[in-house]
> 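Below are the C-alpha cells for one structure; questions will follow.
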Protein chains: 2
Amino acid sequence: MCDNYDMTKCQTVSEMLARLGDKWTVLVIMMLADGPQRFSDLKRSVVGISQRMLTLTLRSLERDGIVARTVHPTVPPKVEYALTDLGCSFGEPIRALGGWVFTHHDRIQLARAEFDRRNEVDTSNKLIKLG
Amino acid sequence: MCDNYDMTKCQTVSEMLARLGDKWTVLVIMMLADGPQRFSDLKRSVVGISQRMLTLTLRSLERDGIVARTVHPTVPPKVEYALTDLGCSFGEPIRALGGWVFTHHDRIQLARAEFDRRNEVDTSNKLIKLG
DNA sequence: CTGAATCCTGTAGGATACTG
DNA sequence: CAGTATCCTACAGGATTCAG
C-alpha cells in the first residue's frame, strides 16, 4: 500500500485516523450529515458525550474546516453547526469504511470468539500446568 | 448518513474506528501490506513503536482475524506476521480514506492556519481588554 | 528473537460549578 | 442556551526487566 505513497503521507493518514478515532468525532459528523444541528441537539443525539467533549470535538472539526459554526445573536443564544463542503465530501470515505465494517462484521465477531476460546483453553492449560 | 444505517451499526463503525485510531494499527497494517514481516522487522519499520505496543497491536489484529501469526519453531525463534484475506480487503477503504486525506490535505492545513490566526487575534483582543 | 510482567507517568476525559 | 474553568481519576502507553 505504501508503494504509491511515501511514508510521510502514511503518517498523515494515521494522524487523520487518530483524529477520527477519538470516539466522538465520527458520531458527531454522522449526526450533522442529517442536517445542521444546535449544540444542545447534538448533546442530546450523541448519546453519552459530555458537554466538554462535545465542545472540544466541535472546535477541532471547525478548525479543520469540516464543520461551520454559526452564531445567532439572540437571547437565549442559538448556535448552529453544519457540515462544510469539505465535511460532506468526507462522508464518502467514511461510508466506504462503514461499508467494510458492515460487510465483515460477522466474520470479525467470529474471529474474536474463536481467538478468545483458544485463549481460554491456553489459560486453563497454564492453570493445569501451574496446579 | 445514518439514514441507511441504524444507530446501533453507527456505533459499530465508531467502535471500529476507535480501534483503528490507536495510532499504530494502521501503520502496522500498511507495513504488512507490502508482505509478511517478522516481529523485529515491524519493530524497525514502524518507527517509534514500543515493543509492548507492537505486541498488543498485533495481538489485537490477530484476534480480529486481520493478521495471521506463524511461528517457526527454530532457534532463535522466528515469527512471521501476514495480512489475512480479511486484512487485505481492509486495504480498500483505508486507501479511500488515504485518498481523501491526500486530496484535501492542503485545504485542511489552510483551514487550520486560518483558524489559528483568528484565534491568535481573539487572544490578543482579550489581552487588550484585560490590560 | 519474541515476547510477558512490572512499574511509572502523562493525559484524556468525566463531573461539577460558574458566566454571559 | 452555549459554553469556560477547575478538579480529579482511570487508563493508555513508554521504559525497563525477566523468560523461553
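Each chain gets a letter, A, B and so on, in the order the sequences are listed, and its residues count up from 1. Since this is a predicted model, take the numbers as computed values, not measurements.
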> Is there a side-chain contact between B:Val79 and B:Arg38, using heavy atoms and a 4.5 Å cut-off?
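No; the side chains remain at least 4.5 Å from each other.
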> Reckon A:Tyr81 has a side-chain N or O less than 4.0 Å from the OP1 or OP2 of D:dG3?
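For D:dG3, OP1 or OP2 has a side-chain N or O of A:Tyr81 closer than 4.0 Å.
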> B:Ile108 and A:Leu56: same hydrophobic cluster, using ILVMFWY side-chain contacts below 4.5 Å?
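Yes: a chain of side-chain contacts under 4.5 Å links B:Ile108 to A:Leu56.
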> Is there a side-chain contact between A:Ser40 and the phosphate of D:dA2, meaning an N or O under 4.0 Å from OP1 or OP2?
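Answer is yes, contact under 4.0 Å.
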> If you write DNA chain C from 5' to 3' in dot-bracket form, with Watson-Crick or G-U pairs under 3.5 Å, [ ] for crossing pairs and | for pairs with another strand, what do you get?
||||||||||||||||||||
> Of the nucleotides C:dG14, D:dA2, C:dG3, which has the atom closest to the B:Arg59 side chain?
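Output: C:dG3.
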> Which nucleotide sits closest to the side chain of B:Met53: D:dG14, C:dG3, D:dA2?
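Per side-chain heavy atoms of B:Met53, the pick is D:dG14.
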> From CH2 of B:Trp24 over to C1' of D:dA12, roughly how many Å is that when rounded to an integer?
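After rounding, the gap between these two atoms is 13 Å.
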> For a 4.5 angstrom cut-off between non-hydrogen side-chain atoms, does A:Phe90 reach B:His104?
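Contact flag for A:Phe90/B:His104 side chains = no.
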> Between B:Arg38 and C:dC1, does any side-chain N or O lie under 4.0 Å from OP1 or OP2?
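B:Arg38 to C:dC1 OP1/OP2: no side-chain N or O under 4.0 Å.
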> Whole Å only: how far is the CG atom of B:Asp22 from the P atom of D:dG13?
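After rounding, the gap between these two atoms is 6 Å.
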> For B:Lys43 and B:Leu54, work out which heavy atoms get closest and say how close.
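Closest heavy-atom pair between B:Lys43 and B:Leu54: N-CD2, 3.5 Å.
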> Which whole-number value in Å describes the distance from B:Leu58 CG to C:dT2 C1'?
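In whole Å, C:dT2 C1' lies 11 Å from B:Leu58 CG.
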> Less than 4.5 Å apart, side chain to side chain, heavy atoms only: is that true for B:His72 and B:Pro77?
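Result no, sub-4.5 Å side-chain heavy-atom pair not found.
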> Send over the distance from B:Leu42 CG to C:dT2 C1', rounded to a whole Å.
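That distance rounds to 12 Å.
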> If I take atom CG in residue B:Leu56 and atom C1' in nucleotide D:dG14, what distance separates them, rounded to the nearest angstrom?
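To the nearest whole Å, that distance equals 12 Å.
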> What is the distance from CG of A:Leu27 to C1' of C:dG13, rounded to the nearest Å?
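My rounded result for the distance is 16 Å.
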> Would you say that B:Leu42 contacts B:Leu58 through its side chain, given a criterion of any heavy-atom pair below 4.5 Å between the two side chains?
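They are in side-chain contact.
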> Grab the CD-C1' distance between A:Gln51 and C:dT16 for me, whole Å please.
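Roughly 10 Å, once rounded to whole Å.
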> Considering only heavy atoms, which members of residues 66-78 of chain B lie under 4.0 Å from some atom of DNA chain C?
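Output list: B:Arg69, B:Pro76, B:Pro77.
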> Rounded to whole angstrom units, what separation is found between the CD atom of B:Glu80 and the P atom of C:dC1?
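Checked: the CD to P distance equals 15 Å.
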> Which of these nucleotides, D:dT4, D:dG14, D:dA2, is closest to any side-chain atom of A:Phe39?
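Ranking D:dT4, D:dG14, D:dA2 by closest atom to the A:Phe39 side chain puts D:dA2 first.
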> Below 4.5 Å, heavy atoms only, C-beta onward: do B:Phe115 and A:Glu62 meet side chain to side chain?
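In contact.
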> Partners of B:Arg44 by salt bridge (charged side-chain N to carboxylate O under 4.0 Å, His left out), sequence neighbours excluded?
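For B:Arg44 the salt bridge (charged side-chain N to carboxylate O under 4.0 Å, His left out) partners, ignoring immediate neighbours, are B:Asp41.
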> Under the side-chain contact (heavy atoms from CB on, under 4.5 Å) rule, what do A:Ser60 and A:Thr57 come out as? Steps first, then yes or no, please.
CA-CA 5 Å; A:Ser60 176; A:Thr57 302; 5.8 Å; no
> Exactly one of B:Val67, B:Ile94, B:Ile66 should register a side-chain contact (heavy atoms from CB on, under 4.5 Å) with B:Ile29. Which one does?
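For B:Ile29, the side-chain contact (heavy atoms from CB on, under 4.5 Å) check succeeds only for B:Ile66.
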> Given C:dA12, is OP1 or OP2 found less than 4.0 Å from the side-chain N or O atoms of A:Arg52?
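No, A:Arg52 has no side-chain N/O under 4.0 Å of OP1/OP2 on C:dA12.
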